[in-house]
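Basis for what follows: all heavy atoms, side chains included, without hydrogens, waters or symmetry-related copies.
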Amino acid sequence: DHVILTSPKGYHIEVSGHMADDVLGAGTLRATPPDRGGAGPFGQVVTRRSGADYRQTDFFGLMEDLIDAVDGQDRDAISSLLGDIDNQIDSLLKCRTEGGALVKRYEGSVSRLTQNNGNYTELYSSISDTDLAKMAMEFMSAQAIYQAGLATVARIIQPTLVDFLG
């Protein structure tokens, strides 16, 4: 006889009592905040155990714990937090490395595509800017030279019927 709604940021809303009464507000409505972040899609969750205290927190919750430990001059808590802070820094550096690699790959692709575009534009220009009359004359000249070469070779060889039978 109760409904629990959960948001992507980790908030839980629990409605208890009769369903018809709860929808209109006659029941009990209770909203609880998340356990110090990390429940949503962008949260970096760290599980930390100090004594009997077991909870999950994100980097900002870790910093709040560090502030509380420094304010309370709790050296044991400060030393237990240092490993978690190092892990968070390593995670941050890993994310920065992956982001940097993606940016480098993107910039390389942009540079290569820009260069290819220039090359294709130059090639298209050299093909489309040809003088058709000049090219026709060169083609006809090459064709005449080819025909003359074939005629010369045919006169030199002059096969006879005996050559084919032999």
Worksheet item: Are the side chains of Met63 and Ile85 in touch, meaning some heavy atoms are under 4.5 Å apart?
Response: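 A side-chain contact exists here, since the closest heavy-atom pair is under 4.5 Å.
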
Looking at [Y], is its backbone amide N or carbonyl O close enough to the side chain of [X] to form a donor-acceptor pair, meaning the two atoms are under 3.5 Å apart?
{"X": "Ser111", "Y": "Glu107", "result": "no"}
{"X": "Ser79", "Y": "Arg75", "result": "yes"}
{"X": "Ser109", "Y": "Arg105", "result": "yes"}

Practice prompt. Kindly give the heavy-atom pair with the smallest separation between Asn117 and Thr121, and that separation in Å.
Written response: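 Heavy atoms only, the tightest pair is O-OG1, 2.7 Å.
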
Item to complete: Is it possible for you to say whether Ile78 and Ile89 belong to one hydrophobic cluster, with membership spreading through side-chain heavy-atom contacts below 4.5 Å?
Response: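 Ile78 and Ile89: one cluster.
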
Discussion item. Between Leu82 and Leu92, is there shared hydrophobic-cluster membership here, with clusters defined by ILVMFWY side-chain heavy atoms closer than 4.5 Å?
Written reply: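 No.
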
Let me confirm one number: the [atom1]-[atom2] distance from [X] to [Y], rounded to the nearest 0.5 Å.
{"X": "Ser80", "Y": "Asp65", "atom1": "OG", "atom2": "CG", "value": "8.5 Å"}
{"X": "Leu62", "Y": "Glu64", "atom1": "CG", "atom2": "CD", "value": "10.0 Å"}
{"X": "Ile145", "Y": "Leu150", "atom1": "CD1", "atom2": "CG", "value": "12.5 Å"}
{"X": "Asp86", "Y": "Ser91", "atom1": "CG", "atom2": "OG", "value": "12.5 Å"}
{"X": "Leu113", "Y": "Tyr120", "atom1": "CG", "atom2": "OH", "value": "10.0 Å"}
{"X": "Asn119", "Y": "Thr114", "atom1": "CG", "atom2": "OG1", "value": "11.0 Å"}

Practice prompt. Would you indicate whether Glu98, at its atom CD, is surrounded by more than 12 heavy atoms from other residues, nucleotides or ligands within a distance under 6.0 Å?
Written response: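 Atom CD in Glu98 is crowded, with more than 12 foreign heavy atoms closer than 6.0 Å.
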
